[in-house]
Participant: 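I have a structure here, written as structure tokens, and I will follow up with some questions on it.
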Amino acid sequence: MTQYKSDLLRLLDERGYIHQLTDAEGLDTLASEQVVPGYIGFDATAPSLHVGSLVQIMMLRRLQQAGHKPVVLMGGGTTRIGDPTGRDESRKMLTDETIAANIASIRTVFAKLLTFGDGPTDAIMVNNNDWLGKLGYIELLQEVGTHFTVNRMLTFDSVKLRLDREQPMTFLEFNYMILQGYDFRHLNKHNAVRLQMGGSDQWGNIVNGIELTRRMDQREVFGLTTPLLTTADGKKMGKTAAGAVWLNEDALPAWDFWQYWRNADDRDVGKFLRLFTDLPLDEIARLEALQGSEINAAKVVLANEVTRLVRGEEAAKAAEATAATTFAGGGLGADLPTLEVAESEIGIIDALVGLGFAASRGEAKRLVAGGGARVDGEAVSDEGYRIQLADKEIRVSSGKKKHGVLRPA
RNA sequence: GGACAGGUGGCCGAGUGGUUAAAGGCAGCAGACUGUAAAUCUGCCCGCGCAAGCGUACGCUAGUUCGAAUCUAGCCCUGUCCA
């Protein structure tokens with residue numbers, strides 16, 4: 001690997017954030033000489049970002065750690081269009097109120113990981129609706145449209161994918177890359193932003209912004225992308241059967257968030273520690289080197305650290321404690337899902353559904369029939385089984401990992 | 001506007017009148033093995049019901065038929081080519 005002279009690129013490089021750079025030398029020089037404001041764009045399609053966006057958020061954190069200025073761009077305007085990148089289907093339209101509410105909710109996570117303020121290296125959050133919303137159509141076509149050729153736009157992966165798969169792409173979405181390019185140019189002009197970062201799928205969009213800025217203002221700006229993050233078994237980060245691993249507490253309980261990291265694939269532990277925690281590299285190297293079942297200790301550290309950063313110290317401690325009593329001790333942890341039971345007894349099927357371990361009664365029955373249901377550690381094979389509460393808490397499990405508590409009301 | 005092709009379960013994809021709640025694959029859940037890992041093997045995988053069974057489902061709506069995902073008509077949507 002190249003020997004970088006700037007703290008920024010050294011930091012990003014050694015922790016595994018760099019996939020592609022538009023001009024490594026130029027950026028390296030710039031970052032070693034001055035504070036570089038850099039931005040990453042985020043969608044506002046949901047009230048919470050998920051783990052898939054955490055690499056980007058952490059990269060902004062690294063930017064700040066290296067003495068530069070993170071700019072969080074919320075795509076309030078572009079969300080109204082829908083990024084076609086990597087998608088077969090057009091997005092549904094969101095109302096302005098929904099988008100505004102989403103942005104407010106997403107902001108809470110950034111507040112935990114970045115230091116916001118007015119200082120030179122304090123983070124700021126901007127919303128591209130502020131400038132894109134004011135842009136007139138003719139004005140846009142005239143100013144920006146002349147710098148894009150359709151010939152070139154058609155060669156972009158985001159467009160080609162749709163065409164190859166014979167999926168529709170609306171004109172609306174086709175314009176996304178233009179607006180995103182315009183964002184970079186705008187941020188450069190008004191906030192002195194010099195760098196855009198993003199996932200590797202954003203390379204085309206980033207390059208567009210760089211070229212647009214050069215053509216319109218003759219200013220040089222830089223782009224950097226992260227590797228596409230997949231888990232070792234080839235899945236996208238942040239997706240589980242139960243749905244996305246959301247960063248916001250109200251979208252996913254801290255316990256489940258902690259469990260996501262605790263259950264990481266062995267092969268991913270080192271990579272995740274580097275990307276998602278602030279632990280020093282030599283410490284990570286030590287943890288990563290653990291063999292066999294000892295690697296579980298590293299996974300606990302990973303889960304603790306990430307949960308602490310994203311959800312706070314308390315949440316991390318509570319989750320770790322719950323894991324210790326639940327898995328090691330066979331007891332009950334405070335974080336486990338709980339079902340209040342008013343009666344003195346409850347059927348196993350109702351208990352499983354009530355705890356959210358089965359989506360329907362039929363599913364719960366199949367679980368019991370398959371031998372996956374346990375009450376206080378004992379397998380229950382009779383779907384008519386009644387659990388007697390008798391004033392104490394009962395532990396109900398689905399499989400080996402999902403545990404819940406029945407509590408007399 | 002015209003011609004042609006197409007719209008099937010979370011996804012991909014078979015299925016051209018009954019034996020189809022719909023092959024197969026992926027994803028998922030559970031069991032075994034383990035380390036709350038991976039890989040592998042096994043079972044499950046629309047809803048309600050103990051069950052027989054009932055309900056719902058193959059773009060939408062009407063129809064033909066004892067019977068339709070399968071046939072007919074109209075409509076909606078998509079792609080390709082033509083205007």
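Here the structure is a predicted model, which means the values were calculated and not measured. Keep in mind that the numbers below use all heavy atoms, side chains included, and drop hydrogens, waters and symmetry copies. Letters A, B, ... are given to chains in the order of the sequence lines, protein chains preceding strands, and every chain is numbered from 1.
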Participant: It should be established whether A:Ser398 places a side-chain nitrogen or oxygen under 4.0 Å from OP1 or OP2 of nucleotide B:rC29.
Facilitator: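 Indeed not, no polar side-chain atom of A:Ser398 lies that close.
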
Participant: Which nucleotide, B:rU36, B:rG35, B:rG31, lies nearest any side-chain atom of A:Arg374?
Facilitator: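 Of all the options, the side chain of A:Arg374 is nearest to B:rG31.
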
Participant: Between A:Phe257 and A:Trp261, how do the two ring planes meet: parallel, tilted or perpendicular, split at 30° and 60°?
Facilitator: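 Geometry flag for A:Trp261 against A:Phe257: perpendicular rings.
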
Participant: Which nucleotide in the list B:rC50, B:rG31, B:rC29 gets nearest to the side chain of A:Lys365?
Facilitator: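 So the nucleotide nearest the side chain must be B:rC50.
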
Participant: Going by distance alone, is a donor N or O of one side chain under 3.5 Å from an acceptor N or O of the other, for A:Asp183 and A:Thr78?
Facilitator: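 Side chains of A:Asp183 and A:Thr78: no pair found under 3.5 Å.
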
Participant: Return yes when atom CD of A:Glu139 has more than 12 non-hydrogen atoms of other residues, nucleotides or ligands closer than 6.0 Å, and no otherwise.
Facilitator: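 Above 12, so yes.
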
Participant: With the side chain of A:Arg267 defined as its heavy atoms from C-beta on, choose the nearest nucleotide among B:rC44, B:rU36, B:rA38.
Facilitator: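 Closest of the options to the side chain of A:Arg267: B:rA38.
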
Participant: Return the nearest nucleotide to the side chain of A:Lys401; candidates are B:rU36, B:rC29, B:rA38.
Facilitator: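 Among B:rU36, B:rC29, B:rA38, the one nearest the side chain of A:Lys401 is B:rU36.
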
Participant: Restricting to ring pair (Phe, Tyr, Trp, His ring centres under 6.0 Å), what partner residues turn up for A:His403, sequence neighbours left out?
Facilitator: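 For A:His403, the residues satisfying ring pair (Phe, Tyr, Trp, His ring centres under 6.0 Å) (neighbours in sequence not counted) are A:Phe327.
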
Participant: Of all the choices, B:rG35, B:rG31, B:rC50, which nucleotide is nearest to the side chain of A:Arg361 once you look at every atom?
Facilitator: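 Looking only at side-chain atoms, A:Arg361 lies closest to B:rC50.
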
Participant: Quick check for you: among B:rA38, B:rC50, B:rG31, whose closest atom lies nearest to any side-chain atom of A:Glu383?
Facilitator: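 Selected nucleotide: B:rC50.
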
Participant: Both distances below 3.5 Å, Watson-Crick or wobble geometry, any strand: find the nucleotide opposite B:rU40.
Facilitator: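 B:rU40 is paired with B:rA32.
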
Participant: Suppose we define a pair by two distances each less than 3.5 Å, Watson-Crick or G-U wobble; what does B:rG55 pair with here?
Facilitator: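 The base-pairing partner of B:rG55, which may sit in any strand shown, is B:rC46.
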
Participant: Tell me which nucleotide among B:rA37, B:rG49, B:rA30 gets nearest to the side chain of A:Leu367.
Facilitator: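 Looking only at heavy atoms from C-beta outward on A:Leu367, the closest nucleotide is B:rA30.
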
Participant: Write down the distance separating the P atoms in B:rU16 and B:rC66, rounded off to the nearest Å.
Facilitator: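 Comparing P positions in B:rU16 and B:rC66 gives a spacing of 23 Å.
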
Participant: Using both distances under 3.5 Å as the test, list the Watson-Crick or G-U wobble partner of B:rA62, or none.
Facilitator: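 Check on B:rA62: paired to B:rU72, both distances under 3.5 Å.
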
Participant: Any salt bridge between A:Arg407 and A:Asp391, counting N to O under 4.0 Å?
Facilitator: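 Here A:Arg407 does not pair with A:Asp391 in a salt bridge, since their nearest N and O are not under 4.0 Å apart.
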
Participant: Has A:Lys400 got a side-chain N or O lying under 4.0 Å from the OP1 or OP2 atom of B:rA32?
Facilitator: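 Yes, within the criterion.
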
Participant: Hey, does A:Glu363 reach any base, or is it just sugar-phosphate, or nothing, if we go heavy atoms under 4.0 Å?
Facilitator: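 Contact class for A:Glu363: none.
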
Participant: With a 4.0 Å cut-off on heavy atoms, is A:Gly384 in touch with a base, just the backbone sugar-phosphate, or nothing at all?
Facilitator: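 Counting heavy atoms under 4.0 Å across all strands, no contact is made by A:Gly384.
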
Participant: How would you label the contact of A:Arg366 with the nucleic acid (heavy atoms, under 4.0 Å): base, sugar-phosphate, or nothing?
Facilitator: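 Sugar-phosphate contact only.
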
Participant: Contact class for A:Ala369 (heavy atom, under 4.0 Å): base, sugar-phosphate, or nothing?
Facilitator: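 Touches nothing.
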
Participant: B:rG1 pairs with which nucleotide, Watson-Crick or G-U wobble, both distances below 3.5 Å?
Facilitator: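 The answer is B:rC82, by the H-bond criterion.
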
